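Excluded from the calculations below are hydrogen atoms, water molecules and symmetry mates; all remaining heavy atoms, backbone and side chain alike, are included. Counting starts at 1 for both ligands and their atoms, following the listed order. Not measured: the values here are computed from a predicted model.
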Amino acid sequence: MTGRMVASICPYCAVGCGYYIEVEDDRAVGIKYMPNHPTNEGALCPKGNAILDVLKSKDRLRYPMKRAKDDWERISWDEALNLVAEGLKKSLKEHGPASLGFLASSRCNNEENYLFQKMARLLGSPNIDNCARLCHAPSVVGLGGSLGTSAMTNNIADLANSKCIFAIGTNFAETQPLASRWVLRAKERGAKVVVADPRITSTSWMADLHLTIRPGTDMALLRGMMRAAIEEGLVAQDFIERRTMGFDDLSRSLEGFSVEEAAEACEVPVSDIRKATRLYARSPASALLYSMGITQHVCGTENVRACTDLALLCGQVGRAGTGIMPMRGQNNVQGACDMGAMAEFYPGYRRSSDPESIELFKVTWNAPNLPLGPGLTSMEMMEAAVGGSLKAMYIIGEDPVVCDPNTRKTRKALESLEFLVVQEIFMTETAKMADVVLPAAAWAEKKGSYTSMERRVQWIDRAISAPGKAREGLSVICEVADRLGLGFGQMDASTVLEEINRLIPFYRGMTKERIRETGGLLWPCPSPDHPGTEILHAETFPTPDGRAKIEAVRGSPPAEETSPDYPLLLMTGRIVLHYNNASMTSRSFPLLRREGDLRVEMNCADASGLGISQGDPVIVATRRGEVEARAEVTEKVKPGVVFMPFHFNGANVVTSDALDPVSKIPEYKAAACRISMRS
Ligand code: SF4
């Protein structure tokens, strides 16, 4: 290694792994591992190891462009920024501020997200959201409602202290691979691992007990476990009395429900549900991990609350090795939510619907008429665009044309807009639909802070320059805001972080100097001498009475049932080699070579009944459309259930856009489908 080493953070998942980029002549020439990083200890997963391919890709957007009939015309930044300002101003003038929609990015840093939501709200639009809506909005709402804090309760490395790890609806060994090293460490120390997942996965290989529940029956399982815990006297009576409220309601709601009913619904043995309950409740320190298998349902928020109910019932919160661990997706999805890039929340989770809650921003931003929320969520923005009330959108670093469910509707929505601007690092499917495309700097080409899923706020400096004329997102937002008369001026990321420090109490002590020197602090960090907080809720919960709220939840069945026309149940999810829309991972040949097309896992019995063999080209059809895929005939899924990784364009043509009424997350995890040979 001869170049300069610049500490950086992986831009993929929310584990927040650290490493060094070796820089020579303003080029990223290599990666050096960071063994002293508290979360990944130097290791990186395949995506992290391939990360320089993104920076080196010839496909990076290099120049601002505007649509010119069926082609693109390269334009100057000045012209591009004027076009953006004019497009937004026109909608503002002709249709009012609610006609504007803003999609922030959980791939971008805290400062960009903070400033972007501030711009939206200063323009009078309440319609600001980010892709947490598609993955963990139920965690934000559900954990906030139960515990008073919308985040992972314990740090990732603390998993090594667990004596039992219960993972439901999460394949973290693939989706957050470096988190699994701490689970393996716990296992080496004798911890038991219980996994509830309809599929055999890399995570279930770690399990001492694998409950292969039917998709969409997580609530039945969680209620069955709570019923078993109460019946067998495994509840933490003292903890319940001292630190929670609502237990009696929950207990009553379970009276007419038996473990046998749960077992029947989940298609697993009664004895396994009881065994899982005993392992989880009796262990001196149990952690509960969940992810999109829990959240991406029409009862996603209730599912999250059922997870917290179980943990509270068993007193498995507030100590080392315990906790409720939402395994979150994108690198800065926690930060984007913390910064208020959400329809329901201003920065610091101040409710957008509560005038008193946002008084602080009216004063600080000198904006007496800030819009009250909740604004439109990302899915609601698409509905509003189709309906004609949303006229213009500014999208940063998101690709709804690939990532939304029922993407034909999303295409129709974006086609209906009068003006669309997309700020991106690659020409995504969404960018292809824009009127103006703004080329952005990637993570290593800008500075700023990111908040990982364990609430660790880390700072990174610019390692190299952005390609061509691409610019830092913060600078672009400032320029657009200035042209809209908001007077941001050119703000540096450190200056924006200082504003964040002042306005978000749990970020108050996270100055740039501190998070840079320490390698990251975990919020809440309420003062400049505070060390950060690794384990939440040790003594009390940040609720009005200091108690956690146990909620009697019952859930609801998936919006779509199977039928003779659509006899199979389709789930989608992530795999280790790719990330979200694969716009970044598909630029890496080693990753693409290992997995480069759409495939669908189906059980051997289903495949043989349909005359389908391994590798056959098939059509997956749902009530919304159809997509071609390659059949992977396997025992990893049960008969009647199929699974498709969602990274490649087309997968979400078939997924369901039925929404959880509370958090407005779509039900990606349950769509009735049929599979046939491609003719
Ligand atoms: Fe770490 Fe996640 Fe990046 Fe893999 S994708 S290196 S686990 S941050």
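- Using a cutoff of 4.0 Å between basic side-chain nitrogens and carboxylate oxygens, Arg185 and Glu188 are not scored as salt-bridged.
- Scored by the salt bridge (Lys or Arg N to Asp or Glu O under 4.0 Å) test, Glu499 finds Lys118 as partners (sequence neighbours excluded).
- Among pairs with a residue in residues 11-35, those fulfilling ring-ring contact (aromatic ring centres under 6.0 Å, His included) read Tyr12-Tyr579, at least two apart in sequence or across chains.
- Between Lys187 and Asp208, at least one side-chain N (NZ, or NE/NH1/NH2) sits under 4.0 Å from a carboxylate O, which counts as a salt bridge.
- Excluding water, every protein N/O/S atom under 2.8 Å from atom 1 (Fe) of ligand 1 is given here by residue and atom: Cys17 SG.
- A side-chain donor-acceptor contact under 3.5 Å links Asp399 to the backbone of Thr430.
- The salt bridge (Lys or Arg N to Asp or Glu O under 4.0 Å) search around Arg328 returns none, not counting sequence neighbours.
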